[in-house]
Amino acid sequence: MSAALLLDALRRHDLEEYYPNLSAQGISKLDNLLQLSEADYSRLGIRSLEDKTRFLALTRDINMPRNNNSNNTSIKPSNQSSERTKPKTAMDWIARKRPLPTNGHSPERKTRRMTIAPQTLIPRTPPKTSARDRRLSYLPPPSVQRDMAHRSPTKAQSPIKPRPIPRPKIMDEEHIITEAPKQPIVEKASTRYLDAYGIPMNQRARPAPTSDSPTHQQGSLEAFLQSKATRPTNQNTTKASTAICLNTANDLNQRIRVCVRKRPLNKKETSNQEVDIAPLRGSRTIELNAPKTRIDLTRYTETHTFTFDDTFDGSSSHTQIYARTAQPLVDYIFKGGRATCFAHGQTGSGKTYTMLDPNHGLYVLAAQDIFRLLSSEYYAHLSASVGFYEIYQGQLFDLLNQKNKLVAREDGNGNVVIAGLREYPIGSVEDLMSVFEYGNQGRTTGKTGANNKSSRSHAVLQILLKTKTTPPKMHGKLSFIDLAGSERGADRGDANDKARQEGAEINKSLLALKECIRALDQNKNHTPFRGSKLTQVLRDSFTGDSRTCMIATISPNNSNSEHTLNTLRYADRVKQLRGENDPRLMGDYGRNVDSKEGGGLVTAETEVEVRDTDSQSVSNSDAIYENDASENLLDVDFPSSEVAANALTTPTNERYYHAISAPELTTDRQEKYLQRLESPPAEVFDQSMDDPFGSVPLVRDGTAGQPIRTNASESDMSFSTVTATTATTCNEARLRKFVRMHRAQISRMEDCIKKEKMILGKISMTILTESSGADDMEDDILDHQQLKQDYEDYLNDLDDILDTQFDLVNDLKSRIKDELEEE
Ligand SMILES: Nc1ncnc2c1ncn2[C@@H]1O[C@H](COP(=O)(O)OP(=O)(O)OP(=O)(O)O)[C@@H](O)[C@H]1O
């Protein structure tokens, strides 16, 4: 009976979808709801403000004095009304339930809410046990609860004055104050603060919500929170901190989340008296105080500040990190989506520790939640299975089946199928852990300068939810990826050819991954999946209904400062473009699952539709490449390019010092750079600028007059030519579209060359000035130092420009492949 009352009450508040989760947590009575804390809401999967507000309204109703009830004769608790709606059995109930809402507003909701009679007759029994005793059994530690309470405002405005309901403190004001950026900020805080709708603050005037608007409740909550947050609690409270509090309302729902985890200093670093140079500033901002040496050997510190969705330091527990990273993804796959959580960072920074630690890795915590949900009646129709494979040197190996070679294919619906992958059905967390342990033994590792047991492959652990039908149908997929560590030439120590090749492959795939995520985050029309095997197999994790969480792991010690800066910049680039001009923020971005019935997965057709609006892509790309000029990501090795061969062994800045300190190399390198400026390498420029299909000569087939590709070897992301064996039968519209895109590419390439010419002119002027001045010895030394500094700046700028050009070429090549394959 009490369970029925609970269900009835939930239904009246349009919250019946949470019934399974509540019963899975042992909550079967209305009174139990009074004891729910903010953290419990999260555990129960109650994330949207709207639903939290409903829960609060429900608890208020439960608390309402009984005498109110007696005045209300409009409804009885009701055998009639609940009789009418109450299902006879759980299955009956499941069968009748409306499709799971996710983020959006169900149109039914509004209508139903308006016809709901006052819910004042729900019997209320005073709590018999203490709040503490009746908390949910599976709760995050107090620190997480505090953290989550801080991040998730829950108060709602109501004309009815509620009785005080015990609940945790909503905002930790002290915490808010410390979020204020510390002066001086040398670099940028690139991620703009977003409001509760994910829209940049001060960016877009929204019409004031009206009482009948579907967003009314959320809007008024926002206003309420804003007034609360801006109330002068302390004179140091800043606007930025207000923005951060507001932003927390739905930030776990973003399509891409980027978080940073900083590991503690290890024993070796402590004994070498290294210090932590990456302090956190609040819960989202991290500072990097990079030690630098000027040319005159004086030391200084360069401070860089970055803001991400979340930042965690060495004291953060796995559980805390899980709550803000993988947990929302678990909920998401139960709604029929696909999700990916991956760690990226320098070798030895804690990727494996975060993702796949055999005891506390995120996959273990996720599995606990997955099996808890699967044990509820609501999800009784689903089962879980696991697949575990590695991507090593561009090939796939099954870690659960004696490292058999696998092949990635795409089925008719655009889903990636790993042909031959053995999937093990699992029934418990322990099952998963033993399967993982077995597979992990086969993983390719090696020793690097930074890590004795460095992962040399990308490991992908997939947890699949399938229906128990015959044949089973895919319901949701969660992939945990432990990427191989990004590294530079210097990390490889005494690298042999194999290690170099591994490193090149790793860096290549990391670059491709970044490109895909960027494209995904921008809703770009073209996502360069073919950039590497890694992105190919993750293709369906990047399409319409996906959610992705990236955890950038960093080592905080001073000797790793360059690596750390690179990782933070990489992470920043992934997120940076979610800026004010990003058109996706203006619409219903990132809610694709909601818009499809039953959370349907993306189909090949939808992808084609997306691609068809190519003109938008051009303007989005403009935004990317403008920003790329300041990019210094990884020391990416570009195979098959002479320039890249140099880059293979020396990181960006080291390249300069190497050149300076080894006079015999200086001339050589200088010449090479100048040569490249005067006549850019054919494989980079000539092919893409003169002929969109590469340097392969075009011939006519003599019948339709269409160009035919002649044979050439294919290599992903390299600058070799593109394979094509069949005649290209373009229709005119597509051809025009491609030509438009190509023209835009050329214009961006020309911009790059303009920039190159500018910096070349600048350095030439410097040389001229230097040779005409300096009439005494001291001046000579000073000028020489200045020249060195200018030369360094020039090389770094040049490097950045070339990166942009490489990106452009890759993008074009990838589009070409798409075109040819679509033919
Ligand atoms: N947050 C952390 N707290 C405590 N120890 C950590 C943390 N992160 C990493 N470590 C320790 O640092 C060492 C290196 O971590 P790990 O192997 O996870 O690095 P990685 O980034 O996966 O390296 P690679 O890319 O080379 O595989 C391990 O001994 C691990 O236990």
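It should be emphasised that the depicted structure is a prediction, and the values quoted were computed from it without experimental measurement. Numbering of ligands and ligand atoms starts at 1, following listing order.
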| task | State if G345 counts as touching ligand 1 under the rule of any non-hydrogen atom under 4.0 Å. | result | no

| query | Does D369 pair with R372 as a salt bridge, N-O distance under 4.0 Å? | reply | yes

| task | Check A366 against L478 and note the closest heavy-atom contact, atom names and distance. | result | CB-CD2, 4.3 Å

| said: What I want to check is whether the side chains of S555 and N557 have a donor and an acceptor closer together than 3.5 Å. | reply: no

| Backbone N or O of Y332 within a donor-acceptor pair of the R338 side chain at under 3.5 Å? | no

| field | N or O contact, S349 vs ligand 1, cut-off under 3.5 Å | value | yes

| task | Mind checking ring-ring contact (aromatic ring centres under 6.0 Å, His included) for Y363 and listing every partner two or more places apart, or none if nothing turns up? | result | F436

| field | Contact check: T352 vs ligand 1, nitrogen or oxygen atoms, below 3.5 angstrom | value | yes

| said: Looking only at distances, can you tell me whether any N or O atom of G350, backbone or side chain, sits closer than 3.5 Å to an N or O atom of ligand 1? | reply: yes

| For Q346, atoms of ligand 1 separated by under 4.0 Å from a heavy atom | 21 (O)

| Can you tell me if G314 has a non-hydrogen atom under 4.0 Å from ligand 1? | no

| said: So for ligand 1, is A484 a polar contact partner (N or O within less than 3.5 Å, distance only)? | reply: no

| said: For the backbone of N810 and the side chain of S814, can you confirm whether one donor and one acceptor N or O come within less than 3.5 Å of each other? | reply: no

| query | For ligand 1, which atoms sit closer than 4.0 Å to a heavy atom of K351? | reply | 18 (O), 19 (O), 20 (P), 21 (O), 22 (O), 23 (O), 24 (P), 25 (O)

| Per-atom contacts of ligand 1 with R261, taking only distances under 4.0 Å to non-hydrogen atoms | 1 (N)

| query | Mind checking whether T553 has an N or O less than 3.5 Å away from an N or O of ligand 1? | reply | no

| Excluding sequence neighbours, so at least two apart, what forms salt bridge (charged side-chain N to carboxylate O under 4.0 Å, His left out) with R422? | none

